[in-house]
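So the structure is just underneath, and the comments pick up after that.
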Number of protein chains: 2
Amino acid sequence: MTSPSHPELTKNQTLVLKALDKAEGPLSAYTILDRLRDDGFRAPLQVYRALGKLQEFGLVHRLESINAFVACCQPHGHRHEMTAFAICRTCGKVDEFSDMAVEERLGEWVRAHRFKPAKTTIEISGDCADCATHEHA
Amino acid sequence: MTSPSHPELTKNQTLVLKALDKAEGPLSAYTILDRLRDDGFRAPLQVYRALGKLQEFGLVHRLESINAFVACCQPHGHRHEMTAFAICRTCGKVDEFSDMAVEERLGEWVRAHRFKPAKTTIEISGDCADCATHEHA
DNA sequence: ATGGCACACGTTATAGCGTTACGCAATCGG
DNA sequence: CCGATTGCGTAACGCTATAACGTGTGCCAT
């Protein structure tokens, strides 16, 4: 369970987070919209507003390379600054992980260049073990 | 000079690469299209096809987090597998860099999980030294 | 040479992603 | 009570990317 029914979440935010939790893989904003039609969702903005807040709270990640969103799989609070993703382009499965050494090295670059980071994106797209094996390519 | 007038480049590819070379920062596909109207460009697909090939050749990078493209600043041939970008969201400037340790650590994760990577994205967005200083926030 | 293939190109239309702008209602601290 | 903030709903729009069609050109194996 990724959502311990965060007390501060509004109705829309809760619905969006639940949709992402139920989903097997990442969902696009418009897919979320479609899945929440029965709950009264009518416009993209309802989804994007909820997603924005959920990202602020660290409950949802945006996958930039595929324009989609996933519920954060890490226990609430144990959060890393940088999160990396391995995205299977065949089955859509996403693995979330962190690496201290990577954080450290990027942090060094940033300090050396006096760059003030706001968001860091690390995404590896390719084929997961299962898909790479089963493919007869 | 990022473009040593690659012999294999077609006319459209050359035009797109030159547009990116001339630009100060990253350009969106539609901005490129606008800048090449006078050269006969009329449709997005002309731009996207050229960009696709240029990316294959390693002459152009796509910045996933801002849906834009930049000419590769590295000498042709000295190419790294993983390239990282620091993107200033204020002035738009982009710094391209590589880090062996980061490559190594991500490579280890990939091997451990038998994941077959196709493309790796590393992007840090924030404020560059100049913009962070000059801002009175 | 000619038929088949691969590739670049051009055009139209469409799909997919995200935001701007407006107004209304609830909440909260002064 | 009032103003500020925040969330919500709707409509319209703009930006990003691809699908599906057809054309022409060069290559090369038959």
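What you see below is based on every heavy atom in this structure, not just the backbone, and it leaves out hydrogens, waters and symmetry mates. In what follows, chains carry the letters A, B, and so on, assigned in the order in which the sequence lines appear, proteins first and then strands, with residues in each chain numbered from 1.
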Length of the line joining [X]:[atom1] and [N]:[atom2], which is rounded to integer Å:
X	N	atom1	atom2	value
B:Tyr48	D:dC15	OH	P	12 Å
A:Asn67	D:dC15	CG	P	17 Å
B:Leu51	D:dT16	CG	P	12 Å
B:Glu8	D:dG26	CD	P	17 Å

Indicate the atoms forming the closest heavy-atom contact of A:Cys88 with A:Cys128, along with that distance.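 In terms of heavy atoms, the two residues are closest at SG-N, 3.4 Å.
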Considering all heavy atoms of both residues, which atom of A:Gly40 and which atom of A:Gln46 are nearest to each other, and what is their separation?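 Here A:Gly40 and A:Gln46 meet closest at O-NE2, 4.1 Å.
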Just grab all the salt bridge (Lys or Arg N to Asp or Glu O under 4.0 Å) pairs involving residues 37-47 of chain A, residues at least two apart or on different chains.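 Found A:Asp34-A:Arg37.
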Sequence neighbours excluded, every pair satisfying salt bridge (Lys or Arg N to Asp or Glu O under 4.0 Å) that has a member inside residues 86-96 of chain A: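 Listed by first then second residue: A:Arg89-A:Asp127.
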Return each pair, listed once, that meets ring pair (Phe, Tyr, Trp, His ring centres under 6.0 Å) where at least one residue sits in residues 86-117 of chain B; pairs must be two or more places apart or across chains.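 Output for this query lists A:Phe97-B:Trp109, A:Trp109-B:Phe97, B:Trp109-B:His113.
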Can you tabulate the close N/O pairs, meaning under 3.5 Å, that link protein atoms to atoms of nucleotides 5-13 of chain C?
residue	atom	partner	partner atom	Å
C:dC9	OP1	B:Thr10	OG1	2.7
C:dC9	OP1	B:Asn12	N	3.4
C:dG10	OP2	B:Asn12	ND2	2.8
C:dG10	OP2	B:Gln46	NE2	2.7
C:dG10	N7	B:Arg49	NH2	2.3
C:dG10	O6	B:Arg49	NH1	3.3
C:dG10	O6	B:Arg49	NH2	3.3

Answer yes or no: is there a side-chain heavy-atom contact under 4.5 Å between A:Ile66 and A:Ser125?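 SC-SC contact between A:Ile66 and A:Ser125 ruled out.
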Those residues of residues 25-36 of chain B lying under 4.0 Å from DNA chain D by at least one heavy atom: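 Per residue number, the list reads B:Ser28, B:Tyr30.
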For B:Asp99, which residues count as a side chain to side chain contact (heavy atoms under 4.5 Å, CB included) partner, sequence neighbours excluded?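 In terms of side chain to side chain contact (heavy atoms under 4.5 Å, CB included), with neighbours along the sequence ignored, B:Asp99 is linked to A:Arg105, B:Ala101, B:Val102.
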Polar side-chain atom of B:Glu123 near backbone of B:Glu64 as donor-acceptor pair, under 3.5 Å: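 Side chain of B:Glu123 to backbone of B:Glu64, a donor-acceptor pair under 3.5 Å: yes, one is there.
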